[in-house]
Amino acid sequence: MDRKLLDLLVCPTTRQPLAMLDTRSLKSLNEAIAGGGVLRADGSPQTDALRETLVTRDRAHVYRVDDGIPVLLAEEAIASRQVAGFPPA
């Protein structure tokens, strides 16, 4: 993702800056998704593994990136507290 674009993006609910999620955290998230225990903010399950994601500064919310396009909808956010072993801030 373009660094200039990333510098402009913020969480739609908390207004915190966003950063790319590191590989280790993404792996933990995808393992939890494969286990079937990850829900989006709207209550719908996240069933597909994620290739790229953005995370808030406090690492509480994760947003998926589809084909290079950030999906910054509050109802699409994934709370990281659902993921056992998700590395803290």
Roughly how far apart are E52 CD and D66 CG, rounded to 0.5 Å?
9.5 Å
Enter the distance from K27:NZ to F86:CZ here, rounded to the nearest 0.5 Å.
14.5 Å
Quick one: does any side-chain atom of [X] pair with a main-chain N or O of [Y] as donor and acceptor, under 3.5 Å?
X	Y	answer
T56	H61	yes
Q82	L39	yes
R59	P87	yes
Q46	I78	no

If we only count heavy atoms from C-beta on, is the [X] to [Y] side-chain gap below 4.5 Å?
X	Y	answer
L72	L18	yes
D22	V55	no
R40	E75	no
Y63	L9	no
E31	V83	no
L50	N30	yes

Compare every heavy atom of [Y] with every heavy atom of [X], then report the nearest pair and how far apart it is.
X	Y	answer
A74	T13	CB-CG2, 3.4 Å
S28	G85	OG-O, 3.9 Å
V62	S80	CG2-CB, 4.5 Å
A19	L6	CA-CD1, 4.3 Å

For S44, check side chain to side chain donor-acceptor pair (under 3.5 Å) against everything at least two apart and list the hits.
D42
